[in-house]
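We name chains A, B, ... by the order of the sequence lines, and we start the count at 1 in each one.
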Amino acid sequence: MAENINITENTDTLKKPNFIHSIISEELKQGKNNGRVHTRFPPEPNGYLHIGHAKSICLNFGIAEKFAGKCNLRFDDTNPTKEEVEYVESIMEDVRWLGFDWEDRLYYASDYFQKLHDFAIQLIKENKAYVDDQDAETISNQKGSPTRPGTESPFRNRSVEENLDLFRRMTNGEFEEGACVLRAKIDMTSPNMHMRDPIIYRIMKTPHHRTGDKWCVYPMYDFAHGQSDFWEGITHSICTLEFEVHRPLYDWFVDHLQETDYRPRQIEFARLNLTYTIMSKRKLLELVKDKHVNGWDDPRMPTISGLRRRGYTPESIRNFSDRIGVTKVDGVIDVSLLEFSVREHLNKTAQRVMGVLNPLKVIITNYPEDESEELDAINNPEDAAMGTRKVPFSRELYIEQDDFMENPPSKFFRLSPGKEVRLRYAYFITCTEVVKDENGNILHLLCTYDPATKGGNAPDGRKVKSTIHWVSAKHAVKSEVRLYDRLFKDENPDGHKDVDFKEFLNPDSLKVLTECYVEPFVKSAKPLDHFQFERLGYFNLDYDSTPEKPVFNLTVQLRDSWTKEQNKG
RNA sequence: UGUCCUGUGGUGUAACUGGCAACACGACUGACUCUGGAUCAGUAGAGUCCAGGUUCGAGCCCUGGCAGGACAACCA
């Protein structure tokens, strides 16, 4: 798992305003909540966070930052059957890695189990809640349908005393799971299904990851969330669109909780959808459990830990999040926007290095056998402060197979027989002979170099069409490189009614190259360090690396107008 | 036969109390270049879901439609 977590300071100046900012500004102008702004990020610890959560994290913490308010981290842990400490820990790690700080405001819904239980008793005493002995199916049938009103439970009018006694016995564990539930008494004919006497407590005899076996009744989401917000002094409870219809219920509970002017306000926004990926925690879990990927942090996963391992930076994710905006329109964002965001950041910050993925040996026939020299290379042309490094050069080199064509088309500028190209930061070379085996497979290339072009410039002003990357065979570090492609072949794998999303898994989403050569500079790299392999893409060092064998992950390729050109024809 | 929400270039978002539909990604040109990267300059692409109405003027206001989404877990 991730070791090198560097908290990056939040210097983003963009923070594009959105409709929630407008609502808050307006309220502030009216003096609401005495100018206080307090949000929260409330994940259920039942899985790893994904890029969709990142949007929510940036939104909630971003609002706090923008309005000089606060943002809490709260675990919505009201269902012990699904929640685990492993998830709690990963979530905290991910939020921190993204660059946000909840300071001392770490909360759990389970912190409020007692208060919630007290409130439930209060509702019973006010004759606004009752114990229902019917089973799940019966209750469900009585709820009616969105177009048909529900009917009342025969237990709806039990006396307060009886309800109090029953709920006490539920709490004491006298009943089996499913034997009965506590329901709010609202309106079985409401056009809003959520107002038809919603269940607020159920019996669960599963130990809770924090409270152990102290409780055997647990509050439902709707009963816990608004009250938790209230007790924490949350002013804006931001959630996704599907909770829109829950809002009247959210308000109903808070209105019955306490008489005061202060009310947390629920505001909904559209969750993030990305092309070629799925965002459902349940389905991501399925990919992990069925081993379609190698864990939650597999670099192909849209999880934050996956993106981190893949080489995404917190800045790039924050910028992405800002760029996509916040609205109530259900849309799908093109992954290319995410990719643009990493390229943008890594272009400015990544150490450049030369690495050959598919090696083709080149022998410089006029370069002395046992000699070698060191050439100066620029670490990052976008940032002079990053300085230069030495790159070893010798008689035997590797170049990229794609950089040589025996019979090149007219627009191919790279190496071919008789053609001269520049080896980046080194010399001009000319291909003099293609050496093949008896089957006609290319074994290696014989080239000559021009000693006068050392450093890459010809004193006679001679130009070459192309500069290619290379690596000195005897100095290079043999590495493994993992190339990733999109996990799904379909733009919307989740959007087909009759086809399971797994049908669209891309069988070629991972390609492992074991014979790659990278310049010795990378020997000192630590896991997660970012590099640009010149002319290829951005890569980072994987946790699986050993000093003997580095392993690199492809974060994203460089834009490539050559293959684009090729695909035209 | 319901309630709630949403409709602006290919995609995502803007447009302050009505005033020439803007920005980013993507696409395409060209310039430059020791990364076919980056950078720079530029082009195309929507008349704002539809139909009426108010107004000198409507993406914004009004009326009526249409389309898409959410809601019937003892999940969150």
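- Nucleotide A73(B) holds its P atom 14 Å from the CZ atom of R202(A), rounded to whole Å.
- Rounding to whole angstrom units, CG of residue N492(A) and P of G69(B) are separated by 12 Å.
- Checked against A72(B), G36(B), C71(B), the side chain of S561(A) finds its nearest nucleotide in G36(B).
- Taking 3.5 Å as the limit, the base of G37(B) and the side chain of E382(A) contain a donor-acceptor pair of atoms between them.
- Side-chain atoms of R323(A) lie closest to A24(B) of the nucleotides G26(B), C74(B), A24(B).
- Nucleotide A22(B) is matched to U13(B) when pairs are restricted to Watson-Crick or G-U wobble geometry with both distances under 3.5 angstrom.
- At a threshold of 4.5 Å between non-hydrogen side-chain atoms, the residues V181(A) and I139(A) count as touching.
- In this structure, F243(A) has its ring center closer than 6.0 angstrom to the ring center of Y221(A).
- Where E83(A) and P146(A) each meet RNA chain B at their nearest nucleotide, the meeting point lying more 5' is that of P146(A).
- With no hydrogens or angles considered, a side-chain donor-acceptor pair links T81(A) and N79(A) at under 3.5 Å.
- When side chains are defined from C-beta on, T313(A) counts as touching L346(A), because their heavy atoms get closer than 4.5 Å.
- P381(A) comes within contact range of at least one nucleobase, with a heavy-atom separation under 4.0 Å.
- A donor atom on one side chain and an acceptor atom on the other are found under 3.5 Å apart for H236(A) and E27(A).
- Ring geometry for H208(A) versus Y218(A): interplanar angle under 30°, hence parallel rather than tilted (30 to 60°).
- Remark: U39(B) base-pairs with A31(B). Criterion, Watson-Crick or G-U wobble with two distances under 3.5 Å.
- The distance from atom CG of D187(A) to atom C1' of C71(B) is 16 Å, rounded to the nearest whole Å.
- When heavy atoms are screened at a 4.0 angstrom cut-off, L241(A) is found touching no nucleic acid atom at all.
- Atom CZ in F269(A) sits about 18 Å away from atom P in C5(B), given to the nearest Å.
- Rounded to an integer number of Å, the gap from CD of E339(A) to C1' of U11(B) is 14 Å.
- Distances were taken from every side-chain heavy atom of E44(A) (C-beta onward) to each of G2(B), A76(B), U13(B); the shortest belongs to A76(B).
- If you check every strand for non-hydrogen atoms under 4.0 Å, D222(A) touches nothing.
- Taking only side-chain nitrogens and oxygens, T327(A) comes nearer than 4.0 Å to OP1 or OP2 of U13(B).
- Residue R282(A) is classed as having no contact, given no heavy-atom separation below 4.0 Å to the nucleic acid.
- Residue D334(A) has its side chain nearest to U11(B) when only U1(B), U11(B), G37(B) are considered.
- Among the heavy atoms of the strands lying under 4.0 Å from F412(A) is at least one base atom, whether or not backbone atoms are also near.
- Within 4.0 Å of E344(A), counting heavy atoms only, lies no atom of the nucleic acid at all.
- Residue D135(A) is in base contact, counting any heavy-atom pair closer than 4.0 Å across all strands shown.
- The shortest side-chain heavy-atom distance between P264(A) and V254(A) falls under the 4.5 Å cut-off.
- When distances run from any side-chain atom of S140(A) to the nucleotides U1(B), C25(B), A73(B), the shortest one goes to A73(B).
- Distance from the side chain of E534(A) is smallest for U35(B) among the nucleotides U35(B), A14(B), G12(B).
- U1(B) is unpaired under the Watson-Crick or G-U wobble criterion, no partner having all donor-acceptor distances under 3.5 Å.
- If you check C74(B), G69(B), A76(B) against the side chain of E242(A), the one that comes closest is A76(B).
- Side-chain atoms of R414(A) and base atoms of G36(B) include a donor and an acceptor less than 3.5 Å apart.
- Contacts of F413(A) with the nucleic acid, taken as non-hydrogen atoms under 4.0 Å apart, include base atoms.
- When the nucleotides C28(B), C71(B), C75(B) are ranked by their closest atom to the side chain of M204(A), C75(B) comes out on top.
- Across G7(B) and G12(B), the matching P atoms stand 12 Å from one another, rounded to whole Å.
- Nucleotides U11(B) and G26(B) place their P atoms 16 Å apart, quoted to the nearest Å.
- Checked by distance alone, H246(A) brings no side-chain donor or acceptor within 3.5 Å of a matching partner on the base of A70(B).
- Pairing partner, A44(B): none, since no Watson-Crick or wobble contact has both distances short of 3.5 Å.
- Straight-line distance between the C1' atoms of U63(B) and U54(B): roughly 11 Å, to the nearest whole Å.
- Distance CD1 (I468(A)) to P (G36(B)): 10 Å, rounded to an integer number of Å.
- Using bins of under 30°, 30° to 60° and over 60° for the plane-to-plane angle, the ring pair F393(A)/Y449(A) lands in the tilted bin.
- Figure legend. A67(B) is base-paired to U6(B); pairs are counted as Watson-Crick or G-U wobble with both atom distances under 3.5 Å.
- Using a 4.5 Å cut-off on side-chain heavy atoms (C-beta onward), V342(A) and T555(A) make contact.
- Nucleic acid contact for G331(A): sugar-phosphate only, since backbone atoms but no base atoms lie under 4.0 Å from a heavy atom of the residue.
- C61(B): Watson-Crick or G-U partner is G53(B), with both key distances under 3.5 Å.
- S190(A) comes within 4.0 angstrom of nothing in the nucleic acid, heavy atoms only.
- Counting any heavy atom pair closer than 4.0 Å across all strands shown, K411(A) reaches a base atom.
- Looking at the side chain of K564(A), the nearest of the listed nucleotides A70(B), A27(B), A14(B) is A27(B).
- Counting any heavy atom pair closer than 4.0 Å across all strands shown, V329(A) reaches sugar-phosphate atoms only and no base atom.
- For R559(A), whose side chain is taken as the heavy atoms from C-beta onward, the closest listed nucleotide among A76(B), U1(B), G26(B) is G26(B).
- Among the heavy atoms of the strands, none lies under 4.0 Å from Y218(A).
- Phosphate proximity of G36(B) to R535(A): present, with a side-chain N or O under 4.0 Å from OP1 or OP2.
- The salt bridge (Lys or Arg N to Asp or Glu O under 4.0 Å) test with E519(A) is passed by exactly one of R352(A), R389(A), R424(A), K390(A): R389(A).
- Within the nucleic acid shown, V464(A) has no heavy atom closer than 4.0 Å to any nucleic acid atom.
- Residue-to-nucleotide proximity on RNA chain B shows that, of D132(A) and Y425(A), the 5′-proximal contact is made by Y425(A).
- Going from atom NE2 of H208(A) over to atom P of C75(B) covers 13 Å, rounded to whole Å.
- Between D197(A) atom CG and C74(B) atom P there is a gap of 13 Å when expressed in whole angstrom units.
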